[in-house]
Amino acid sequence: MSAKHKLLSVLVVDDEPFILKTTEFVLRRLGYEHVISANTAKEALELINQTSPPVGLVLSDLNMPDIDGVELLRRFEDVGYEGDIVLFSGEDNQTLSMAESLARARNLSVLGSISKPIDPAVLSELLNKENEAKNGPMKSSPTVITEEILKSAIEAGEIEPWFQPKIDVKTKEPSGVEALARWHSPALGQVFPDAFIPAAENYHLIDQLTFALVKKVIKYQDDWHKNGIDLKVAINVSMDSLGLVDFPDQLEKIINTKTSGFDAIQLEVTESKLMSDLVKPLEVLLRLRLKRIKLAIDDFGTGHSNLSQLRDLPFDELKLDRSYIQGHSSKLRSDAILESSVEIAKKLNMTIVAEGVETREDWDRVEQLGCDQVQGYYTARPMPADEIVTWVKAWPELRKELFK
Ligand code: G
Ligand code: G
Ligand code: MN
């Protein structure tokens with residue numbers, strides 16, 4: 001049973017009343033209290049943003065008279081639906097898996113598909129299994145983050161940057177750290193960025209959050225500097241912030257309060273949604289570039305980070321997504337993609353960072369591929385600011401152990 005889904009509403013969409021009734025019945029038996037249903041796609045889209053508690057799971061037929069499944073998935077994205085989706089299969093497997101891929105490309109979270117009428121055991125297994133795979137046992141946060149809670153958390157400074165070192169492959173020295181937001185909420189407990197970053201984007205609080213984090217980063221950098229440690233910090237910036245024309249100026253204002261200067265900060269950009277209009281982000285990225293701030297393209301090879309962005313946007317660094325590093329199941333394909341990504345990045349004079357290096361074997365592989373820097377659990381996990389000093393001092397010893 002998925003705790004997250006249980007607290008939220010489940011929406012069942014099908015044009016056949018009989019299917020609606022039996023599915024509702026099955027869901028209630030599985031312990032879902034808030035089950036609502038819609039006869040048409042139009043009705044579903046109306047309900048999706050008006051239901052309380054919010055809809056966290058949609059079970060939908062792919063083929064309905066008013067809107068076909070492809071169109072429906074597009075509309076889910078348009079209305080900003082961020083919960084999970086399970087598709088009903090009346091269709092052949094090929095069609096279903098294409099629909100699943102399409103939905104994932106739209107950044108919709110499809111848990112899978114099941115055939116009608118729903119078998120309670122199959123549904124229950126699907127919801128449990130996928131929830132674990134996606135979030136891990138630790139990461140599932142069955143919390144509903146409201147705008148008020150998030151806003152006051154940002155204002156109260158509850159969200160802290162943690163730091164994960166990046167290591168230069170040739171010198172094996174730390175080349176910088178990435179700031180990763182961590183929120184320990186007195187009300188909600190530990191909340192992970194996978195949950196609160198999309199919420200901050202939704203509530204238009206992401207810029208406020210980013211600037212609050214940058215302020216903390218600058219302060220920590222100052223503390224490290226007093227201990228003789230100078231580390232460049234990479235800050236994650238959501239593509240949403242790049243729609244803000246004066247983002248570069250606001251950033252500059254914060255950074256200039258300290259001596260460290262722009263040189264000490266770099267930005268990592270991930271595109272979490274399809275951007276329809278690239279003009280504004282491009283303008284903002286170019287202005288950052290003119291201020292000599294280094295830019296990295298994050299999670300390369302996933303979501304919407306792709307080749308055309310390398311062509312159109314001025315990046316200095318490419319971060320290979322960890323799914324390619326850890327792609328044990330399909331190493332051959334991963335290797336092919338890694339190799340050509342490295343080759344392209346080199347031609348474009350970009351620094352290449354391999355993310356998610358967990359073992360010596362991973363390290364050797366990315367070294368051989370020609371990656372410049374490595375970030376991963378093998379060398380260091382994300383840690384709070386005050387542990388960085390200890391880690392840096394311990395690194396020479398640790399390094400001997402790791403590379404003997
Ligand atoms: O440690 P990890 O679970 O930290 O981070 C999960 C995801 O959240 C990563 O993809 C990372 O890019 C994103 N993330 C972490 N911190 C921030 C942040 O400060 N801003 C933005 N926009 N994304 C962040
Ligand atoms: O912003 P980005 O998606 O690059 O954030 C990096 C994410 O990867 C964070 O969630 C961080 O905690 C996670 N991470 C960093 N190193 C490793 C690793 O070696 N293994 C795994 N599984 N995750 C990692
Ligand atoms: Mn990142």
Side-chain angles (χ1 to χ4, degrees), residues 133 136 162-180 193-194 231-237 266-272 294-311 313-383 388 391-392 394-404:
W162 281 33
F163 300 92
Q164 185 180 32
K166 295 195 275 185
I167 312 293
D168 185 279
V169 172
K170 288 211 178 75
T171 66
K172 297 200 173 63
E173 290 298 329
S175 53
V177 291
E178 174 177 6
L180 293 158
D194 310 49
L231 285 171
K232 189 169 185 132
V233 180
I235 293 167
N236 287 287
V237 174
Q266 94 176 45
L267 302 180
E268 291 186 9
V269 185
T270 319
E271 197 178 358
S272 57
K294 290 262 189 288
L295 302 170
I297 183 166
D298 208 355
D299 302 333
F300 188 77
T302 65
H304 306 295
S305 298
N306 57 36
L307 285 176
S308 68
Q309 289 178 327
L310 292 187
R311 185 195 61 204
L313 304 171
F315 292 108
D316 308 276
E317 180 178 301
L318 182 150
K319 297 193 80 178
L320 292 164
D321 190 72
R322 64 174 195 257
S323 59
Y324 291 98
I325 313 299
Q326 298 160 352
H328 301 297
S329 55
S330 53
K331 240 189 185 138
L332 219 61
R333 294 178 73 86
S334 290
D335 270 343
I337 293 167
L338 281 180
E339 271 169 35
S340 40
S341 302
V342 169
E343 194 184 336
I344 291 165
K346 289 225 151 118
K347 280 195 180 134
L348 294 172
N349 256 332
M350 296 167 82
T351 304
I352 305 147
V353 182
E355 289 191 303
V357 168
E358 288 185 351
T359 60
R360 178 63 191 267
E361 194 192 355
D362 291 342
W363 175 287
D364 290 343
R365 179 158 157 257
V366 301
E367 178 175 33
Q368 204 190 5
L369 280 165
C371 295
D372 302 302
Q373 293 173 24
V374 161
Q375 184 181 340
Y377 294 171
Y378 186 59
T379 40
R381 286 177 179 256
M383 60 189 94
I388 282 288
W391 182 87
V392 170
W395 174 246
E397 272 307 307
L398 187 61
R399 173 184 152 169
K400 270 189 226 151
E401 281 300 308
L402 294 177
F403 297 102
K404 68 182 171 201

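In what follows, residues are counted from 1 in the order of the sequence shown.
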S.K.: Roughly how far, to the nearest 0.5 Å, is CG of Asp321 from CG of Asp298?
M.R.: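 If I round to the nearest 0.5 Å, the distance is 8.0 Å.
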S.K.: Of Gln375, Gln373, Lys166, which is the lone residue that meets side-chain hydrogen bond (donor to acceptor under 3.5 Å, both in side chains) with Ser175?
M.R.: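 The residue from Gln375, Gln373, Lys166 that satisfies side-chain hydrogen bond (donor to acceptor under 3.5 Å, both in side chains) with Ser175 turns out to be Gln373.
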S.K.: Could you tell me whether a side-chain N or O of Glu339 sits under 3.5 Å from a main-chain N or O of Leu369, the two making a donor and an acceptor?
M.R.: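 It does not hold such a pair.
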S.K.: For the CD1 atom of Ile337 and the OH atom of Tyr324, what is their distance to the nearest 0.5 Å?
M.R.: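 With rounding to 0.5 Å, CD1 (Ile337) is 4.5 Å from OH (Tyr324).
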S.K.: Give me the atom names and distance for the closest heavy-atom approach of Val177 to Pro165.
M.R.: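 For Val177 and Pro165, the tightest heavy-atom pair comes out as CG1-CA, 3.7 Å.
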S.K.: Measuring from atom NZ of Lys172 to atom OG1 of Thr379, what distance do you get when rounded to the nearest 0.5 angstrom?
M.R.: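 OG1 of Thr379 is found 11.5 Å from NZ of Lys172.
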S.K.: Only counting residues at least two apart or in another chain, list the ones meeting side chain to side chain donor-acceptor pair (under 3.5 Å) with Lys400.
M.R.: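 Only Glu397 meet the side chain to side chain donor-acceptor pair (under 3.5 Å) criterion with Lys400.
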S.K.: To the nearest 0.5 Å, tell me how far Lys319 NZ sits from Ile297 CD1.
M.R.: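 The NZ atom of Lys319 sits 12.0 Å away from the CD1 atom of Ile297.
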S.K.: With heavy-atom distances below 4.5 Å as the criterion, would you say the side chains of Glu355 and Asp299 are in contact?
M.R.: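 SC-SC contact between Glu355 and Asp299 confirmed.
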S.K.: How far apart are the closest heavy atoms of Pro382 and Trp162, and which atoms are they?
M.R.: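 Taking Pro382 first and Trp162 second, the nearest heavy atoms are O-CE3, 3.6 Å.
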S.K.: Nearest 0.5 angstrom please: Ile388 CD1 to Gln164 CD, how far?
M.R.: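 The CD1 atom of Ile388 sits 9.5 Å away from the CD atom of Gln164.
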S.K.: If you apply the rule side-chain contact (heavy atoms from CB on, under 4.5 Å), what do you find for Leu295 with Val237, and how did you get there?
M.R.: CA-CA 10 Å; Leu295 302 170; Val237 174; over 6 Å; no
S.K.: Which atom names give the shortest non-hydrogen contact between Cys371 and Val169, and what distance separates them?
M.R.: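 Cys371 and Val169 have their closest heavy atoms at O-CG2, 3.4 Å.
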S.K.: Do the two ring centres, one from Trp363 and one from Phe403, sit under 6.0 Å apart?
M.R.: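 So the answer is yes for these two rings.
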S.K.: Which atom pairs, donor and acceptor, lie under 3.5 Å between side-chain atoms of residues 346-353 and protein residues at least two apart or in another chain?
M.R.:
from: Lys346; atom 1: NZ; to: Gly370; atom 2: O; distance (Å): 2.8
from: Lys347; atom 1: NZ; to: Glu343; atom 2: OE2; distance (Å): 3.4

S.K.: How long is the gap from CD1 on Ile325 to CG on Asp335, to the nearest 0.5 Å?
M.R.: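 Reported value, rounded in 0.5 Å steps: 9.5 Å.
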S.K.: Compare every heavy atom of Pro174 with every heavy atom of Leu231, then report the nearest pair and how far apart it is.
M.R.: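 For Leu231 versus Pro174, the nearest heavy atoms are CD2-CB, 4.2 Å.
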S.K.: Between Gly356 and Arg322, what is the shortest heavy-atom contact and its length?
M.R.: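 For Gly356 and Arg322, the tightest heavy-atom pair comes out as CA-CB, 3.6 Å.
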S.K.: Applying side chain to side chain donor-acceptor pair (under 3.5 Å), name anything that partners Asp316, two or more places apart in sequence or on another chain.
M.R.: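 For Asp316, no residue satisfies side chain to side chain donor-acceptor pair (under 3.5 Å) once neighbours in sequence are set aside.
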S.K.: Could you go through Gln266 and Lys232, starting from their C-alpha distance and side-chain angles, then the distance that decides it, and tell me whether this counts as side-chain contact (heavy atoms from CB on, under 4.5 Å)?
M.R.: CA-CA 7 Å; Gln266 94 176 45; Lys232 189 169 185 132; 3.5 Å; yes
S.K.: Is Tyr378 reaching over with its side chain to a backbone N or O of Leu402, donor-acceptor style, under 3.5 angstrom?
M.R.: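 Between the backbone of Leu402 and the side chain of Tyr378 there is a qualifying donor-acceptor contact (under 3.5 Å).
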S.K.: Kindly write out the residues that satisfy side chain to side chain donor-acceptor pair (under 3.5 Å) with Asn236, not counting sequence neighbours, or none if the list is empty.
M.R.: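 So Asn236 forms a side chain to side chain donor-acceptor pair (under 3.5 Å) with Glu178.
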S.K.: What residues, two or more places apart in sequence or in another chain, satisfy ring pair (Phe, Tyr, Trp, His ring centres under 6.0 Å) together with Phe315?
M.R.: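 Checked Phe315 against ring pair (Phe, Tyr, Trp, His ring centres under 6.0 Å); zero matches.
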S.K.: Output all residues satisfying side chain to side chain contact (heavy atoms under 4.5 Å, CB included) with Glu173, sequence neighbours left out; order by chain, then residue number.
M.R.: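 Glu173: side chain to side chain contact (heavy atoms under 4.5 Å, CB included) contacts with Thr171, Trp395, Arg399.
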